[in-house]
Number of protein chains: 2
Amino acid sequence: MDLKAKIPSPTVKRLSLYFRELGERRAVDSDATMSSRQLGDALGFSDAQVRKDLAFVGQLGHPGVGYSVTLLHDNLRRILGRDRSWEAALVGAGNIGRALLSYRRFEVQNFHITRVFDNNPATIGSTISERSVLDISELERELADAGTHLGIIAVPAQDAQAIAERLIGVGVGGILNFAPRRLEVDESVAVLNVDFSLTLEQLAFQVNLGRNDPAREGESS
Amino acid sequence: MDLKAKIPSPTVKRLSLYFRELGERRAVDSDATMSSRQLGDALGFSDAQVRKDLAFVGQLGHPGVGYSVTLLHDNLRRILGRDRSWEAALVGAGNIGRALLSYRRFEVQNFHITRVFDNNPATIGSTISERSVLDISELERELADAGTHLGIIAVPAQDAQAIAERLIGVGVGGILNFAPRRLEVDESVAVLNVDFSLTLEQLAFQVNLGRNDPAREGESS
DNA sequence: TCATGTGAAAGAATTCACAGCA
DNA sequence: TGCTGTGAATTCTTTCACATGA
């Protein structure tokens with residue numbers, strides 16, 4: 001509807017958190033309202049921050065009352081793209097891949113890992129969390145017309161770029177990259193990196209001497 | 001030595017990336033130099049950005065030449081706290097926990113998961129990646145004088161806060177939290193959250209309509 | 001009185017642009 | 001010429017503060 005204006009990335013992160021919080025509240029009391037202060041306190045943000053963020057969603061609050069939990073939740077769902085189903089292809093059935101496959105939360109949230117690829121002959125053909133592992137060489141054939149929306153890369157660093165290109169070749173619009181390697185892709189493709197080593201390193205730095213900056217504390221990496 | 005001035009969090013993230021890149025370069029040619037442009041190009045940052053970041057490390061560059069790979073690498077190692085060993089306790093031997101236990105990269109980087117706890121009787125006593133799983137009720141006894149530096153929480157959301165408090169009770173200075181729940185802890189404890197659902201959601205949002213903002217593309221979540 | 005929505009102010013982070021050194 | 005280090009300018013984000021509505 002609105003949402004022409006582009007939403008800043010820090011705000012999008014927080015919108016996801018609001019969405020989750022509202023979902024939990026809604027399950028308990030679907031008629032509830034929450035003020036920006038309540039929502040902020042629950043997540044560690046200021047009330048002003050919450051209001052500014054929610055302004056991107058629309059004018060949904062009622063002065064003196066707060067926000068309708070249900071209304072806000074529904075609107076966030078739409079804006080965050082959670083009102084549709086997402087199909088993802090996973091490449092790499094190693095430890096991280098397996099963890100993702102068994103992550104129940106994804107299914108609940110309409111993220112479906114529909115195909116799994118690997119290049120290890122010992123793994124190909126086996127079944128992991130009810131999905132059978134396909135040969136990586138079949139990637140193009142399997143995904144050509146599958147309309148897969150997202151790719152998840154969980155392969156060694158040196159293979160990541162090539163896999164990314166193949167995934168983009170079959171039309172995925174976004175990539176979740178677990179390999180510790182920057183992917184060079186066209187700007188029309190969204191890439192998000194998850195890098196455990198990097199995250200641990202950030203933590204170590206903070207503990208080491210950066211006598212932890214409180215403002216950053218809850219920071220979602 | 002220096003490093004009294006607090007380094008901004010975005011800079012710390014990039015310093016880790018520089019450190020990794022320099023390590024790879026160093027392995028090939030330990031006498032190499034790199035300019036801020038070369039380093040930036042490799043990682044997708046501007047040369048000015050690189051120089052600003054490296055200014056926090058000290059005045060290590062040589063005009064007309066660049067930075068000595070070895071010198072810069074060594075200095076970053078110290079600043080990032082990588083010149084020492086880190087011991088971590090893992091709580092939760094589920095899928096994520098197992099993936100972390102088998103993640104080879106950690107050992108190489110001097111991060112050692114020395115204890116593993118779970119509350120599942122079927123898992124307790126078993127061996128995962130050469131570490132035997134301890135009963136969560138033994139946490140305090142096991143860690144009391146162990147001098148463990150970091151805690152890794154990979155338990156269901158509803159247990160996360162309690163585990164965090166127990167870990168802090170035995171003296172860990174930092175927590176890596178995989179549970180989709182904000183931890184309320186004293187500000188002297190560093191917390192970093194890794195939240196797959198949140199990350200996938202960010203990606204979905206970008207793909208959905210936020211016709212991917214190029215500036216954010218390589219963003220490490 | 002309580003709480004939203006939003007301009008204005010402040011604060012952070014990035015980019016620019018250039019003096020100065022090798 | 002090539003490249004660093006850094007103030008100045010710019011852009012992005014958060015916080016403040018208050019007019020307005022219920």
Side-chain angles (χ1 to χ4, degrees), chain A residues 2-3 5-18 22 25 32-69 71-72 75-76 202 210 213-220, chain B residues 2-3 5-18 22 25 32-69 71-72 75-76 202 210 213-220:
Chain A
D2 31 10
L3 51 100
K6 107 169 210 355
I7 305 180
S9 145
T11 295
V12 178
K13 253 182 205 164
R14 288 188 298 266
L15 290 181
S16 283
L17 292 168
Y18 303 148
L22 290 163
R25 189 79 183 87
T33 62
M34 286 184 90
S35 67
S36 55
R37 175 173 298 275
Q38 287 175 299
L39 204 40
D41 284 351
L43 294 164
F45 305 125
S46 73
D47 56 333
Q49 177 86 84
V50 173
R51 289 198 300 280
K52 262 284 199 279
D53 288 341
L54 295 184
F56 285 98
V57 181
Q59 306 201 154
L60 301 173
H62 294 285
V65 180
Y67 301 84
S68 152
V69 167
L71 180 66
L72 187 51
N75 273 273
L76 281 171
Q202 304 304 304
D213 172 5
R216 295 293 173 189
E217 165 220 300
E219 185 170 316
S220 206
Chain B
D2 31 10
L3 51 99
K6 108 171 209 353
I7 306 181
S9 145
T11 294
V12 178
K13 252 183 206 164
R14 288 188 299 266
L15 290 181
S16 283
L17 292 168
Y18 303 147
L22 290 163
R25 189 82 183 84
T33 61
M34 286 184 88
S35 67
S36 54
R37 176 173 296 276
Q38 288 175 298
L39 204 40
D41 283 351
L43 295 164
F45 306 125
S46 73
D47 56 333
Q49 176 88 82
V50 173
R51 289 198 299 280
K52 263 285 200 280
D53 289 340
L54 294 184
F56 286 98
V57 180
Q59 305 201 156
L60 302 173
H62 295 285
V65 180
Y67 301 84
S68 152
V69 167
L71 181 66
L72 188 49
N75 273 272
L76 281 172
Q202 305 303 304
D213 172 5
R216 295 292 175 191
E217 165 219 302
E219 185 170 314
S220 204

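Every chain is numbered from 1, with letters handed out A, B, ... down the list of sequences. Note that the coordinates shown come from a computational prediction; the quantities given were computed from them, not determined experimentally.
- When the nucleotides C:dC16, D:dC16, D:dG7 are ranked by their closest atom to the side chain of A:Ala48, D:dC16 comes out on top.
- In this structure, the side chains of A:Leu54 and A:Arg51 stay at 4.5 Å or more apart for every pair of heavy atoms.
- Within 4.0 Å (heavy atoms only), A:Leu60 reaches sugar-phosphate atoms of the nucleic acid but no base atom.
- Taking only side-chain nitrogens and oxygens, A:Ser36 comes nearer than 4.0 Å to OP1 or OP2 of C:dT4.
- Closest to the side chain of B:Lys52, out of C:dT4, C:dG5, D:dG7, is D:dG7.
- When distances run from any side-chain atom of A:Gln49 to the nucleotides C:dT14, D:dT15, C:dG5, the shortest one goes to D:dT15.
- For C:dC2, neither phosphate oxygen OP1 nor OP2 lies less than 4.0 angstrom from any side-chain nitrogen or oxygen of A:Arg37.
- Taking only side-chain nitrogens and oxygens, B:Tyr67 never comes nearer than 4.0 Å to OP1 or OP2 of D:dG2.
- As judged by a 4.0 angstrom heavy-atom cut-off over every strand, B:Thr11 is placed among residues making no nucleic acid contact.
- Between D:dT14, C:dT6, C:dA3, one nucleotide has an atom nearer to the side chain of A:Ala55 than all others, and that is C:dT6.
- Distance CZ (A:Arg51) to P (D:dT14): 15 Å, rounded to an integer number of Å.
- Counting to the nearest Å, the P atom of C:dT14 and the CG atom of B:Asp53 are 7 Å from each other.
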